[in-house]
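In what follows, chains carry the letters A, B, and so on, assigned in the order in which the sequence lines appear, proteins first and then strands, with residues in each chain numbered from 1.
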Protein chains: 2
Amino acid sequence: MAKKTEDDGQASKRHFAEDVGLTFEAEGMPRMAGRILGWLLVSETPHVALQDVAEILHASKGSISTMSRLLMRMGLIERVSLPGERRDYIRLKPGSWSEWFATEAVKIGALRQLAEHGLELLESKSSVSRDRLVEMRDLFAFLEQEYPVLLERWKKKRR
Amino acid sequence: MAKKTEDDGQASKRHFAEDVGLTFEAEGMPRMAGRILGWLLVSETPHVALQDVAEILHASKGSISTMSRLLMRMGLIERVSLPGERRDYIRLKPGSWSEWFATEAVKIGALRQLAEHGLELLESKSSVSRDRLVEMRDLFAFLEQEYPVLLERWKKKRR
DNA sequence: TAGTTTGTTTAGTCAAGATTGAACGAATTG
DNA sequence: CAATTCGTTCAATCTTGACTAAACAAACTA
């Protein structure tokens, strides 16, 4: 039983981290970044040392260093340094998912702009192609406007 | 002037297609698929022959074939065959953007499931890690529910 | 049927970028 | 100060997958 407690379901948790890695990769991000995120999600400590992450995921210190900095740029994790401690720690950033969602709105805005740019290139007023771009622009403009509203509603509901 | 009409702003349109290609690539999709989509967006004809796309984008028939089939799987374009015509044509699928948005909801659902799976792995009831996953699951569950509502509102507004 | 004109498939090339390992620098400890 | 323990950086490797070109298949034409 002592062994069981020490293990603490590591195997399945590592598997979970791998799952998140694959999901991340499917979204066009580095798999290792997803693995780190996945591990942080199920590690039952307030924060984790970079080095431990490398060991647990069987990865090099280098990739952990690089990918954790990527996750920081994305606003999903943050660094924690403890006084009188040599090691660096990372943890999930509280409220990071809302922040992630906010960046989705930005992406949507970029697509709206793209459609607008396309519209400028159409010289004929013919409805065929113009309609398509207008539909695209309108949808993304709509979403761009509604995403923040949605986010606000969720934040309110959360309390 | 004749030349100008024939050209029809091809240069800037090709540039636009390239832009969409880069945007697509940034989202983790093949650049060529984005280029095709981009060209369809600004080509002022109801449909375009596969072969013409290959020529205009300076790409091989092979990649156009493969990537247009990818775009079809994504529900963004569709094939058009004309009676007594040898060539195959493609065009943007009407209403494809709404469909695309619907698939976003599916992705969100996958993330909610991931969070749920993670929660199953936590044996301690300690709030530290559990809270994080609960927040994640709640947000995605919320979005999963609200996306279709949003879409419905847009469709209604559109008329 | 033979000859074209198309799209598809497949093997191969190539580039991008994820990952590693080693060298490095900074900070800490004895 | 020497030794240790970290994280970071960088060159090298390796893998993935986009893309091409050529062979192929299918549909049409004469």
- Query: Looking for any heavy atom pair under 4.0 Å, which part of the strands does A/A49 touch: base, sugar-phosphate only, or nothing?
  - Reply: nothing
- Message: Categorize B/R86 for me: base, sugar-phosphate, or nothing, with a 4.0 angstrom heavy-atom threshold over every strand shown.
- Response: base
- Message: For a 4.5 angstrom cut-off between non-hydrogen side-chain atoms, does A/V20 reach B/L114?
- Response: yes
Charged N to carboxylate O below 4.0 Å: is that the case for [X] and [Y]?
X	Y	value
B/K107	A/E27	yes
A/E144	A/R137	no
B/R132	A/E44	no
A/R153	B/E146	yes
A/R87	A/D52	yes
B/E116	B/R112	yes

- Note on the structure: Of A/K61 and A/E85, the one whose closest nucleotide on DNA chain C sits nearer the 5' end is A/K61
- State whether the side chain of B/R14 and the backbone N or O of B/I56 hold a donor-acceptor pair below 3.5 Å, judged by distance alone. yes
- Query: Do you know which of A/K93, A/R73, A/R91 makes salt bridge (Lys or Arg N to Asp or Glu O under 4.0 Å) with A/E78?
  - Reply: A/R91
- Item | Test applied, salt bridge (Lys or Arg N to Asp or Glu O under 4.0 Å); reference residue, A/D88; option that passes from A/R79, A/K61, A/R69 | A/R79
- Query: Which residue, A/Q51 or B/A33, contacts DNA chain D at a nucleotide closer to its 5' end, judged by nearest heavy atom?
  - Reply: A/Q51
- Provide the start and end nucleotides, 5' to 3', of the part of DNA chain C that has atoms under 4.0 Å from heavy atoms of chain A. C/dA18 to C/dT29
- Note on the structure: At a 4.0 Å cut-off to heavy atoms of chain A, the contacted part of DNA chain D spans D/dT4 to D/dT9
- Give, ordered by number, those residues of residues 63-73 of chain B having at least one heavy-atom distance below 4.0 Å to an atom of DNA chain C; if nothing qualifies, reply none. B/S65, B/R69
